[in-house]
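I am attaching a structure below and will ask some questions about it afterwards.
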Amino acid sequence: MIPTKETLSVEFKSDQRTLGESIIVDEVVALSNSEGGDLYIGVEDDGEITGAQPVHRDSIQVAAMVANKTVPPVSVRAETLAEKFPVMHIEVPRSRSIVATSNGRILRRRIKSDGTPESVPMYPYEIATRLSDLGRLDYSAQPVVDATCDDFDSLELARLRRLVQTSRGGDRALLELTDDELERALKLTTRVGEKDVPTLAGLLMIGKAESLERLVPTHEAVFQVLEGTDIRANESYRQPLLYTIEDIIARVEPWNPVTEVQIGLLSQPTPLYDRRALREAIVNAFGHRDYSVLGRVRVQMDDVGLSVNNPGGFIEGISVRNLLSAEPQGRNPCLMDALKRVGLAERTGRGIDRIYEGSLLYGRPLPDYSASNQTMVSLFIERSEPDAEFVQLLAEERDRGTDLPLQSLLVLDALKRSRRCGIAELSEMVDIPHQRLRRTVELLCEAGLVEASGGGQNRSYMLSKKVYGHGGKAKEYVRQTDIDRVRYPELIMKLARQQGRVTVSDVRELLHLPDGDAAYYELKKLKEHGELTLVKRGPRSFYAPVKK
């Protein structure tokens, strides 16, 4: 039950010389301020079990001591593990706030250069980052010390008004306000004592470049274009966000060629990267980055694709697996709200949906966030040509009055990649809640875009003849519907040889057949051809491969 080595979430403590309570509390605080984990008292650093002292074997007393000496109190679960030498196991939950010892020590866990873990003090800037990650602090809404409204750039304020007026999603009501009223409405300033003081969001959006460099040294961005190893563009930014975002988007355009996709008698111009998706990706990088740490937003285009990286990992509750289904929330609500009202970001808070749609609507590979980690969010959009037949199919559905939602596009994309799969497999491939996924698939069946076969848990799905029919792909459809039947004997025999035996239920599950009769028929044919022999009759009958 005891791990063999220490990790970021596992800590061993020797108790041969009676461990002090302060050391135990320090380790609990560090684990709670990180990912949570397990503390084992009575285990050496190398994993040798030497046992806990009698004073540390009372689980109720240990849990009470930890609660009394942590602020806010940490509720741990303690138990004595009955090994050769008793070990006290303390299970530490991950805190939803910052935890300190009763004497004011705040610690966290980290991995050293040699790969071993340690508990270290948490510095002020790390506290801000931690609270921001937990959704307990809007760093962008905080007043900036030493800043005044003189640090605002009147030209950037004019740019903001222009964006509100020209952007499709801009809040036109802002145009009726005076400059001071507009700054308060967007929370670009906050009242401190008797005067208005710029917030971080205010400085980021309309601050002077020299003021940003002095007051927000963490704000930096870069745009790069690489062709092979040659650098075609390399532009650094320390200007306010409105200028930076507009300039990067403008610089991307010459490197975003347009191709023509034929839809019936008409042709549709299609850029290499969807413009709305590109805008959302860039705005999200600036709006959700961690401004309490050094780093820069990087937008890079190369022969493989487009990368958009920003400092600061996903906040609490958000991960690569639930990006589309998680409740929209961000690290800098004040800044993102201002960007939305100006018209730069998606007003619904579902900009990530727009990024995915930008690829799905053209049959391109999905956006890839897999390189993201605790300190960085990394988006990669592969460079690829649009799937003309898929675009034409969606256009025909649109002409019939059906605009396919994002969930339907995700299912179609998954089936296009996997050819055939059941609900369980689809659930692993797409970020859609199970019940909604089942409903989405059945609606696609009703629309004639997906075909189902089998029943119950063996029910599987594939793209329909209608979908494969686009672009002369009838052969692919026939292959998907008929080739499995041709390979049935091969698949059954492979399973029989691996297991040494095969049953009717094995075959039904393997081939996604609708009932046991169909599975029995396949086994009977193999028996008649001398490949299998019936070993036992009745309810527990099975077949074995014939030795040759």
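What you see below is based on every heavy atom in this structure, not just the backbone, and it leaves out hydrogens, waters and symmetry mates.
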With salt bridge (Lys or Arg N to Asp or Glu O under 4.0 Å) as the rule and sequence neighbours excluded, what pairs involving residues 89-106 come up?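 Passing the test, one end in residues 89-106: D26-R105, E35-R94, R77-E91, R94-E316, R96-E316.
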
Do you know the tightest heavy-atom contact between V261 and P386?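 In this case the closest contact between V261 and P386 is CG2-CG, 3.7 Å.
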
Check the pair D153 / Y243 against side chain to side chain contact (heavy atoms under 4.5 Å, CB included), numbers first and verdict last. CA-CA 11 Å; D153 190 332; Y243 168 84; over 6 Å; no

Which heavy-atom pair separates V308 from A285 by the least distance, and what is that distance?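 Between these two residues, the closest heavy atoms are CG1-CB, 3.6 Å.
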
Residue R321 excluded, over 12 heavy atoms near CZ under 6.0 Å: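 Result for CZ/R321: open.
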
Contact between L157 and E183 at the side-chain level, heavy atoms closer than 4.5 Å - yes or no?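 Touching, per the 4.5 Å side-chain cut-off.
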
Can you confirm whether Q165 is buried at CD, in the sense that more than 12 heavy atoms of other residues, nucleotides or ligands lie under 6.0 Å from that atom?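 No, CD of Q165 has 12 or fewer neighbouring heavy atoms, counting only those of other groups under 6.0 Å.
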
Under the side chain to side chain contact (heavy atoms under 4.5 Å, CB included) criterion, do Q142 and L137 qualify, and how do the steps go? CA-CA 9 Å; Q142 303 304 304; L137 172 70; 3.5 Å; yes

Audit row: R275, E253, salt bridge (charged side-chain N to carboxylate O under 4.0 Å, His left out) steps and yes/no: CA-CA 9 Å; R275 293 188 177 93; E253 196 57 29; 2.7 Å; yes

Full working for side chain to side chain contact (heavy atoms under 4.5 Å, CB included) between V304 and F380: CA-CA 9 Å; V304 182; F380 174 71; 3.5 Å; yes

Charged N-O contact under 4.0 Å between R398 and D403: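 Answer for the salt bridge query: yes.
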
Salt bridge (Lys or Arg N to Asp or Glu O under 4.0 Å) pairs, two or more places apart, involving residues 109-118: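 Listed by first then second residue: E11-R109, E27-R109, R110-E118.
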
Greater than 12 external heavy atoms within 6.0 Å of R191's CZ: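 Above 12, so yes.
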
Answer whether the closest heavy-atom distance between the side chains of L335 and L200 falls below 4.5 Å.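 Of all side-chain heavy-atom pairs linking L200 with L335, none is under 4.5 Å.
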
For T199 and T190, does a side-chain donor sit closer than 3.5 Å to a side-chain acceptor?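 Distance-only check fails for T199 and T190.
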
Run the numbers on T218 and V293 for side chain to side chain contact (heavy atoms under 4.5 Å, CB included), then give the verdict. CA-CA 6 Å; T218 57; V293 298; 5.7 Å; no

Are T178 and D180 close enough that a side-chain donor and a side-chain acceptor fall under 3.5 Å?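 No, no side-chain donor-acceptor contact under 3.5 Å.
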
A quick test of your reading: do over 12 heavy atoms of other residues, nucleotides or ligands sit less than 6.0 Å from CZ of R436?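 No - once you tally the heavy atoms of other residues, nucleotides and ligands closer than 6.0 Å, there are 12 at most.
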
Closest contact, heavy atoms only, C334 versus A201: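 Here C334 and A201 meet closest at SG-CB, 3.9 Å.
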
Cationic N near anionic O, under 4.0 Å, E181 to R184: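 R184 and E181: not salt-bridged.
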
Nearest heavy-atom pair of S211 and D151: which atoms, and what distance?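 What the structure gives for the nearest pair is OG-OD1, 2.7 Å.
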
Do D387 and R364 pass the salt bridge (charged side-chain N to carboxylate O under 4.0 Å, His left out) test, and can you show the C-alpha distance, the side-chain angles, and the key distance before you say yes or no? CA-CA 7 Å; D387 184 336; R364 289 169 168 151; over 6 Å; no

Carefully, step by step, assess R161 and D179 under the rule salt bridge (charged side-chain N to carboxylate O under 4.0 Å, His left out). CA-CA 10 Å; R161 287 185 176 276; D179 289 349; 3.0 Å; yes

Hydrogens and angles aside, do Y291 and N332 bring a side-chain donor and acceptor to less than 3.5 Å of each other?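 The answer is no; no qualifying pair exists.
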
What are the two closest non-hydrogen atoms of L272 and S384, and how far apart are they?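 Answer, listing the atom of L272 first, then S384: CD1-O, 3.6 Å.
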
Should the ring pair Y40 and F12 be called parallel, tilted or perpendicular, given that the plane angle runs from 0 to 90° and is split at 30 and 60?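 Taking F12 first and then Y40, their aromatic rings stand perpendicular (interplane angle over 60°).
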
Is a side-chain donor-acceptor pair under 3.5 Å present for S325 with N322?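 N322 vs S325: no donor-acceptor pair found between side chains.
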
V99 to V29 - nearest heavy-atom pair and separation: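 Closest pair (atom of V99, atom of V29, distance): O-CG1, 3.4 Å.
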
